[in-house]
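Read through the structure below, which is laid out as structure tokens, and then see the notes.
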Amino acid sequence: SRAHSYFICSNPSSRFSGVRFAWSFPAQSVRQKGSLVVYSPLGRTLMKFSLSTNSGSVSWAGAREGGMGVYLAKITCGTNKQTVKFILYK
């Protein structure tokens, strides 16, 4: 059977002006270096987080760093790569 993986982006509450990223990949993926990178609407790297486990979560207070707009978050863990698009607004 094939192990499932996921990468999600959410806003945990209306009082938080950022996003929470959560991921889970097959256990063998963590043997290779992984990263989570958030890009601005202009393609500038705003946050880079090194992954040391095959599952977990991290928060990013995007409103302070980038303001409103459409952003991309890319996660790489071993051979697994996923990208999500998200919008920050007030």
Side-chain angles (χ1 to χ4, degrees):
S1 73
R2 183 177 171 190
H4 294 284
S5 63
Y6 69 83
F7 175 45
I8 59 172
C9 171
S10 65
N11 182 325
S13 79
S14 60
R15 292 175 279 151
F16 178 60
S17 62
V19 293
R20 179 175 267 315
F21 301 99
W23 65 89
S24 179
F25 292 106
Q28 67 270 20
S29 297
V30 79
R31 292 187 195 128
Q32 300 173 4
K33 290 186 178 186
S35 65
L36 168 62
V37 183
V38 176
Y39 297 98
S40 74
L42 299 175
R44 186 171 58 103
T45 299
L46 297 176
M47 180 195 80
K48 185 168 185 177
F49 180 77
S50 295
L51 304 181
S52 59
T53 63
N54 64 312
S55 64
S57 65
V58 65
S59 293
W60 177 64
R64 282 185 266 155
E65 294 180 43
M68 296 185 298
V70 178
Y71 294 82
L72 291 176
K74 181 178 181 181
I75 193 167
T76 304
C77 190
T79 59
N80 297 290
K81 296 176 185 176
Q82 293 184 27
T83 302
V84 295
K85 185 189 304 186
F86 62 98
I87 300 171
L88 284 182
Y89 60 92
K90 289 185 178 186

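Ring pair W60/F21 is tilted by interplanar angle, where 30° to 60° counts as tilted.
Rounded to the nearest 0.5 angstrom, K48 NZ and K74 NZ are separated by 10.0 Å. Between atom OH of residue Y71 and atom CE of residue M47 there is a gap of 12.5 Å, rounded to the nearest 0.5 Å.
For the pair T76/Q82, no side-chain contact is recorded, criterion being any heavy-atom separation below 4.5 Å from C-beta on. With a 4.5 Å cut-off on side-chain heavy atoms, F49 and V37 do not count as touching. Side-chain contact check for V19 versus F86: some heavy-atom pair is nearer than 4.5 Å. Between F25 and I75 there is a side-chain heavy-atom pair separated by less than 4.5 Å.
L72 and L51 fall into different hydrophobic clusters, where Ile, Leu, Val, Met, Phe, Trp and Tyr residues are linked whenever their side-chain heavy atoms come under 4.5 Å apart, directly or through other members. Under the 4.5 Å side-chain heavy-atom criterion for ILVMFWY residues, a single connected hydrophobic cluster contains both V38 and V58. V70 is not connected to Y39 by any chain of hydrophobic side-chain contacts under 4.5 Å among Ile, Leu, Val, Met, Phe, Trp and Tyr, and they are in different clusters.
Side chain of S40 to main chain of L42: a donor-acceptor pair is present (N/O by atom type, distance under 3.5 Å, no hydrogens or angles).
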